[in-house]
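See below for the structure under consideration.
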Amino acid sequence: MKKRQLIVAGNWKMNKNYEEGRDLAKDIVERLQPSQVIVILATPFIHLNSISNIIKGVSNLKLGAQNCHQEESGAYTGEVSSGMLKSVGVDYVIVGHSERREYFEESDALLAKKVNIVLEKGMTPIFCCGEKLEVREANQHLELVENQIKNALFHLLPEEFEKIVIAYEPVWAIGTGKTASPEQAQEMHLYIRNLLAKQYGEELAQATTILYGGSVNAGNAKDLFQQADVDGGLVGGASLKAEDFVMIVNSF
Ligand code: PEP
């Protein structure tokens with residue numbers, strides 16, 4: 001059985017041209033100290049190959065993608081397959097980011113297929129879940145996240161599920177500068193862990209890495225990461241500056 005890991009993943013979203021991406025990755029490599037934290041750069045597709053070479057040799061620095069198609073290959077113009085990602089050295093794939101759910105109408109059923117194909121190719125899905133503001137205000141956030149997880153992940157066998165990383169990202173906190181309080185994050189993370197324990201048993205639940213995402217920055221990361229069930233962060237805006245990103249990595 002795997003161990004719970006500490007992870008900080010940077011989601012660059014649709015930012016940085018080719019040269020800018022190389023510069024950012026090199027800057028991060030230079031600043032990063034050896035540590036037990038796994039650091040993931042989830043870059044746009046165009047960067048994957050070159051950044052895979054830049055981070056080679058830094059054992060705790062890994063390459064991530066932000067999405068992939070659910071089929072193996074074929075007539076899906078403009079799409080990128082999981083096999084292609086694997087072939088350029090990708091280890092982690094973000095699945096179900098709220099921006100993809102919202103702008104590309106990705107459903108839980110579709111996300112279940114994406115999770116499957118990422119696992120089949122030997123990569124780790126970072127499965128995102130989280131509620132919109134109106135859901136939290138209606139006090140239905142726990143139920144909504146529970147359903148997202150059940151619908152997209154609970155078909156997995158325990159030996160498949162143990163490879164999953166979960167990222168709880170309240171939609172109202174993404175890119176807004178409004179972070180969930182450490183208590184709000186902990187409440188949801190514990191709820192998720194208990195849910196996993198019911199489905200897969202306590203041992204597997206305790207071994208699952210659950211990240212928090214939503215306006216994490218160098219100032220608030222420490223308080224969030226100190227929570228018992230917060231195992232790191234998925235970081236958007238603050239991952240685009242090497243200094244800030246590495247400060248977040250150093251916040252455990
Ligand atoms: C994200 O993109 O997953 C995210 C959490 O973004 P930000 O840190 O900018 O809120």
Side-chain touch [X]/[Y], heavy atoms, less than 4.5 angstrom:
X	Y	value
L85	V80	yes
I210	D229	no
N139	H141	yes
L41	L61	yes
I166	I192	yes
H189	L211	no
S98	I174	yes
C68	S82	yes

For [X], does the [atom1] atom sit with more than 12 other heavy atoms under 6.0 Å from it, leaving out its own atoms?
X	atom1	value
K16	NZ	yes
E105	CD	no
E243	CD	no
K86	NZ	yes

Work out which heavy atom in [X] is nearest to a heavy atom in [Y]; give both atom names and the distance.
X	Y	answer
I164	L119	CD1-CD1, 4.2 Å
R101	C128	NH2-O, 2.8 Å
Q66	T43	NE2-C, 3.3 Å
A65	L48	CB-CD1, 4.4 Å

Discussion item. For a salt bridge (charged side-chain N to carboxylate O under 4.0 Å, His left out) check, start with the C-alpha distance between E71 and K113, then their side-chain angles and the critical distance, and finish with the verdict.
Written reply: CA-CA 8 Å; E71 300 295 338; K113 290 186 189 166; 5.4 Å; no
Quick one: do [X] and [Y] end up in the same hydrophobic cluster if we chain Ile, Leu, Val, Met, Phe, Trp and Tyr together by side-chain heavy atoms under 4.5 Å apart?
X	Y	value
V88	V93	yes
V115	F154	yes
V135	L133	no
V90	F45	yes

Worksheet entry | Test side chain to side chain contact (heavy atoms under 4.5 Å, CB included) applied to I94 and N11, step by step | CA-CA 9 Å; I94 298 174; N11 174 14; 4.1 Å; yes
Fill in: Sequence neighbours excluded - ring pair (Phe, Tyr, Trp, His ring centres under 6.0 Å) pairs with any residue from residues 82-139
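Matches after skipping sequence neighbours: none remain.
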Worksheet item: Which pairs count as ring pair (Phe, Tyr, Trp, His ring centres under 6.0 Å) when at least one residue sits in residues 47-70, sequence neighbours excluded?
Response: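 Matches after skipping sequence neighbours: W12-H47, H69-Y76.
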Would you tabulate the side-chain donor-acceptor contacts of residues 218-225 under 3.5 Å, counting partners in other chains and residues two or more places apart, or write 'none'?
unit_1	atom_1	unit_2	atom_2	d
N220	OD1	N217	N	2.8
N220	ND2	T179	OG1	3.0
N220	ND2	S215	O	3.0
N220	ND2	N217	OD1	3.4

For [X] and [Y], indicate whether the former's side chain and the latter's backbone hold a donor-acceptor pair under 3.5 Å.
X	Y	result
Q184	S181	yes
T209	Q5	yes
D108	N151	no

Return the [atom1] to [atom2] distance between [X] and [Y], rounded to the nearest 0.5 Å.
X	Y	atom1	atom2	answer
L6	N60	CG	CG	11.0 Å
L111	L153	CG	CG	9.0 Å
K121	M84	NZ	CE	10.5 Å
S239	I40	OG	CD1	12.0 Å
I149	C129	CD1	SG	4.0 Å
K114	N116	NZ	CG	12.5 Å

Verify whether one side chain among [X] and [Y] offers a donor that lies under 3.5 Å from an acceptor in the other.
X	Y	value
Q148	Y168	no
N147	K150	no
W172	E131	yes
Q206	R4	yes
Y191	E146	yes

Discussion item. Test of understanding: with salt bridge (Lys or Arg N to Asp or Glu O under 4.0 Å), list the residues that count as partners of K13, not counting sequence neighbours.
Written reply: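 So K13 forms a salt bridge (Lys or Arg N to Asp or Glu O under 4.0 Å) with E99.
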Donor-acceptor contacts, no H, no angles, side chain residues 245-252, under 3.5 Å, sequence neighbours left out:
unit_1	atom_1	unit_2	atom_2	d
N250	ND2	V246	O	3.3
S251	OG	M247	O	2.8
S251	OG	I248	O	3.2

Discussion item. The test is salt bridge (charged side-chain N to carboxylate O under 4.0 Å, His left out); show your working for R193 and D231 and say whether it passes.
Written reply: CA-CA 12 Å; R193 211 177 290 287; D231 307 314; 2.9 Å; yes
Discussion item. For K132, is there an ion pair with E102 - N to carboxylate O distance below 4.0 angstrom?
Written reply: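 Yes.
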Discussion item. Under a 4.0 Å threshold between the charged nitrogen and the carboxylate oxygen, would R100 count as salt-bridged to E106?
Written reply: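 Salt bridge: yes.
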Item to complete: Mind telling me whether F161 and Y200 have parallel, tilted or perpendicular rings, with 30° and 60° as the class edges?
Response: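 Correct class here is parallel.
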Worksheet entry | Any pair counted as salt bridge (Lys or Arg N to Asp or Glu O under 4.0 Å), so long as it reaches residues 176-189, sequence neighbours left out |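 Checked against salt bridge (Lys or Arg N to Asp or Glu O under 4.0 Å) - neighbours excluded - no pair reaches residues 176-189.
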